[in-house]
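Please read the structure below before turning to the comments.
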Amino acid sequence: MKVRTRIAPSPTGDPHVGTAYMALFNWVFARQHEGEFILRIEDTDQARSTTASEQAIFTALQWLGLDWDEGPDVEGAKGPYRQSERKELYLQHVQTLLDKNHAFYCFCSKERLDTVRAEQQAAKQTTRYDGHCANLSAEEVQARLAAGEEHVVRMRVPETGDCTFRDRLRGEITIPYSQIDMQVLLKADGMPTYHLAVVVDDHHMDITHILRGEEWLNSVPKHQLLYSYFDWPMPELIHLPLLRNTDQSKLSKRKNPTSVTYYRDQGFLPEALCNYLGLMGWSMPNEQELFSLQEMINAFDVDRISTSGPIFDQDKLKWMNGQYLRGLDADTYAAKVSAWMFNEERLAALIPLVQQRAERLSDLVPLIDYLVGARRPLDPDDFEHKKLERAQVVKVLHHTLAMFDRKREWLRDDLYASCNQLAEQCDMKLRDFLFPLFIAISGREVSLPLFDSLVFLGADLSRGRLRDALEVLNVSGKERKRLDKAVEQLHFSD
RNA sequence: GUCCCCUUCGUCUAGAGGCCUAGGACUCCGGGUUUUCAUCCCGGCAACAGGGGUUCGAAACCCCUAGGGGACGCCA
């Protein structure tokens, strides 16, 4: 049987390095077995999915050199490859489950579910659906459906017993059914949930091996149940470890730059990023550390993947990128530099900012240095201001960072509006409020317009500079906790 | 809280019972080459989470404890 793997990102937000990591291993595995690698867009969350994000995922994967054989833009035999375009298929399968009594209609309100959950939490039980609608009579269900009552469809789960399944790297895993929720399969908006869609699609797309993050281990019982309800064979499961922040928690944009775009804009080479990612949880049998995608395909052995979560370490990534950069011949290096910085798109974003501020072309360089290069290292004294106390400076930086962390989109006017609003809530003039931000972002009191700078730098880099500024100011744990609390009292419109 | 997964230098890792006095790489610290810096070369610091077994022999196998992580959504 031909090996078929897939990467199934959801198009919400920036393309994540975690997605790139999973894509890499799925891609290498497929290529090694001369199989096929499929890109499927999981856009069943209609509120959060955007086409811009989908496009960014395509671009990021292409940049990395991970090409797919089938996907939304490369039609194959098993399409469409966007879940929002497969609605009919899911509906049919939900009906099958309903007919076989493996699923049931549920009319519970959000409020009721919240109450139940709260009660279970208080009683220190696993939180799960209490089965309220599991045994309604057929007549009642028909009546309520006919009345147009809002509803979802949930799957049935055995009340007792254990679910045992196999993970290629960990062996047999057993989870009691008592832990498994009667998962919603079809949402009130008519869209399937991830759990239903992933099973239906993986089956219909002939996926043979699922390489995905460890975070899914707990939902395998639901999936296995669905496979058995449909009487389909299970693909092989290979759960990879999760990439971590320095503090061991799951890699998150709050604590780390996570957007592939960030690494591209910072001047990392795709070869280096792939190579580094390939070293997360895996290593060459001969311990060779620098290798190309082709070398990885040749030497890859899925059973040598380790299961403990690796920390995504910027230092080693930088070193590795340096190795690649130095290995280039001068012409290629020059070409990379101009493609990176002097490409039309990046330059175009800068032109309107600098043209009116320059008298000579050479004035450009000091104006944009902090945008194209690293901002100068900061000192606590840099934040001295005639009107602002240290506490206020810290507050501004902290609260702005918290607000940035919540942003799903990174747009100039929106950022401006949010800062304006924040300044008001802090009872500060915008002019004063912006001062610490200028220092943190540009290293100067005066620079190119702040919000244009933020957009040019991108969310990851902007957040990173704010985090760095807070570190420079030596904010204590206690102070930070107090500020975190204060943030909760604020209202962000986003 | 419940369930699941994980545990070798600060970090990425090698290690499939004797080759382990635990190897490599990043970081850091020394030294050398170089007009400076970087590169490069050489050297150094630094780990088998703890406790019980199994075995002639355990970093490797089993059990317990501890620690870390994840999941517990009409998000994926």
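Quick caveat: nothing in here was measured; it's all calculated off a predicted structure. Chain naming here is simple, since letters A, B, ... match the order of the sequence lines and numbering starts at 1 in each.
- Residues passing the side-chain hydrogen bond (donor to acceptor under 3.5 Å, both in side chains) test with A/E295 are A/Q288, A/S292, sequence neighbours excluded.
- Rounded to whole Å, atom P of B/G70 lies 16 Å from atom CD1 of A/I175.
- Within residues 180-187 of chain A, the residues having any heavy atom under 4.0 Å from RNA chain B are, by residue number, A/V184, A/K187.
- Each of A/T44 and A/E214 lies near RNA chain B, and the nucleotide nearest A/E214 is the one positioned closer to the 5' end.
- A/H209 meets the ring pair (Phe, Tyr, Trp, His ring centres under 6.0 Å) test with A/F29; sequence neighbours excluded.
- The side chain of A/R117 places an N or O atom within less than 4.0 Å of a non-bridging phosphate oxygen (OP1 or OP2) of B/G73.
- Note on A/S283: a side-chain N or O is less than 4.0 Å away from OP1 or OP2 of B/A14.
- Taking atom P on both nucleotides, B/C3 is separated from B/C12 by 28 Å, rounded to a whole Å.
- Note that A/R154 lies outside the cation-pi zone of A/F104, set by a 6.0 Å cut-off to the ring centre and a 45° limit from the axis.
- Of the listed nucleotides (B/G70, B/G69, B/C5), B/G69 has the atom at the smallest distance from the side chain of A/Q248.
- Atom name P, nucleotides B/C28 and B/G18: the rounded distance is 36 Å, in whole Å.
- Look at CZ on A/F165: it is 16 Å from P on B/C3, rounded to the nearest Å.
- B/G67: Watson-Crick or G-U partner is B/C6, with both key distances under 3.5 Å.
- Atoms NE2 (A/H195) and P (B/C74) sit 9 Å apart, rounded to a whole Å.
- At the phosphate of B/A71, OP1 or OP2 sits under 4.0 Å from a side-chain N or O atom of A/K250.
- When both distances must be under 3.5 Å, the Watson-Crick or G-U wobble mate of B/G44 is B/C28.
- Proximity of A/T127 to the phosphate of B/G73: a side-chain N or O atom is located under 4.0 Å from OP1 or OP2.
- Taking the six-membered ring where the residue is Trp, the centroids of A/Y194 and A/Y90 are separated by 6.0 Å or more.
- Distance CG (A/L217) to C1' (B/C72): 14 Å, rounded to an integer number of Å.
- Atom CH2 of A/W282 is separated from atom P of B/G15 by 11 Å (rounded to the nearest Å).
- Residues passing the ring pair (Phe, Tyr, Trp, His ring centres under 6.0 Å) test with A/Y81, sequence neighbours excluded: none.
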List the atom pairs, with distances to 0.1 Å, where a side-chain N or O of residues 59-67 of chain A and a protein N or O form a donor-acceptor pair under 3.5 Å, not counting sequence neighbours.
residue	atom	partner	partner atom	Å
A/T59	OG1	A/Q55	O	2.9
A/D67	OD1	A/W27	NE1	2.8

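- Judged by distance alone, with hydrogens and angles left aside, the side-chain atoms of A/H16 form a donor-acceptor pair with the main-chain N or O of A/G18 at under 3.5 Å.
- Across B/A47 and B/G23, the matching C1' atoms stand 12 Å from one another, rounded to whole Å.
- With sequence neighbours left out, A/K255 forms a salt bridge (charged side-chain N to carboxylate O under 4.0 Å, His left out) with A/D247.
- Across all strands shown, B/A14 remains unpaired; no Watson-Crick or G-U wobble contact has both distances below 3.5 Å.
- Counting only heavy atoms from C-beta on, A/I311 has its side chain closest to B/U11 among B/U11, B/U39, B/U8.
- Salt-bridge check for A/R375 with A/D468: passed, with a basic side-chain N closer than 4.0 Å to an acidic carboxylate O.
- For A/R168, the salt bridge (charged side-chain N to carboxylate O under 4.0 Å, His left out) test picks out A/E236, A/D303, with sequence neighbours left out.
- Nucleotide B/C72: paired with B/G1 (Watson-Crick or G-U wobble, both distances less than 3.5 Å).
- Within the 4.0 angstrom heavy-atom criterion, only backbone atoms of the sugar-phosphate kind lie near A/M280; the bases stay farther away.
- The side-chain contact (heavy atoms from CB on, under 4.5 Å) search around A/D114 returns A/K110, A/R117, not counting sequence neighbours.
- B/A22 makes up no base pair with any nucleotide shown, lacking Watson-Crick or G-U wobble contacts both under 3.5 Å.
- Heavy atoms of A/T174 sit under 4.0 angstrom from primed sugar atoms or phosphate atoms, though from no base atom.
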Give each protein N/O atom lying under 3.5 Å from an N/O atom of nucleotides 44-47 of chain B, with the pair distance.
none

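- Between B/G51 and B/G67, the distance separating the two C1' atoms is 14 Å to the nearest Å.
- When ring centroids are compared, A/F230 and A/H93 come within the 6.0 Å threshold.
- Rounded to whole Å, atom P of B/C41 lies 11 Å from atom CZ of A/R326.
- Side-chain N/O atoms of A/T193 include none lying less than 4.0 angstrom from OP1 or OP2 on B/G73.
- Between A/W216 and A/R170, the one whose closest nucleotide on RNA chain B sits nearer the 5' end is A/R170.
- Among the nucleotides B/C6, B/C5, B/G70, the one closest to the side chain of A/S308 is B/C6.
- For the C1' atom pair drawn from B/G70 and B/U8, the interatomic distance equals 22 Å after rounding to whole Å.
- In terms of heavy-atom proximity, A/V475 sits nearest to A/R480 at CG1-N, 4.0 Å.
- Of the candidate nucleotides B/C12, B/C75, B/C3, B/C3 has the atom lying nearest to any side-chain atom of A/N218.
- Rounded to the nearest Å, the gap between the P atom of B/G17 and that of B/C41 is 35 Å.
- Counting non-hydrogen atoms under 4.0 angstrom, A/S249 reaches the backbone sugars and phosphates but no base.
- Nucleotide B/A59: unpaired (no Watson-Crick or G-U wobble partner with both distances less than 3.5 Å).
- Counting non-hydrogen atoms under 4.0 angstrom, A/C108 reaches a base of the nucleic acid.
- At a cut-off of 3.5 angstrom, counting only N and O atoms as typed in the model, there is a donor on one side and an acceptor on the other between the side-chain of A/R48 and the base of B/C75.
- Minimum atom distance to the side chain of A/Q179 is reached by B/U2, of the listed B/C40, B/U2, B/C12.
- In terms of phosphate contacts, A/R304 brings a side-chain nitrogen or oxygen within less than 4.0 Å of OP1 or OP2 of B/G15.
- Contact annotation for A/G281: backbone-only contact, meaning every heavy-atom pair under 4.0 Å involves sugar-phosphate atoms and none involves a base.
- Closest approach of A/L39 to A/P9, counting heavy atoms only: CD1-CD, 3.8 Å.
- For the side chain to side chain donor-acceptor pair (under 3.5 Å) condition, the pairs that include at least one residue of residues 267-277 of chain A, sequence neighbours left out, are A/N275-A/Y324.
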The contact string for nucleotides 21-31 of chain B, one letter per nucleotide 5' to 3', using protein heavy atoms under 4.0 Å with B, S and - for base, sugar-phosphate only and none, comes out as --BBBS-----
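- Of the nucleotides present, none pairs with B/U36 by Watson-Crick or G-U wobble criteria with both distances under 3.5 Å.
- Across the P atoms, B/C4 and B/G10 are found 30 Å apart, a figure rounded to whole Å.
- Between B/A14 and B/G69, the two P atoms lie 22 Å apart (nearest whole Å).
- In terms of the ring pair (Phe, Tyr, Trp, His ring centres under 6.0 Å) criterion, residue partners of A/H195 (sequence neighbours excluded) are, by chain and number, A/H223.
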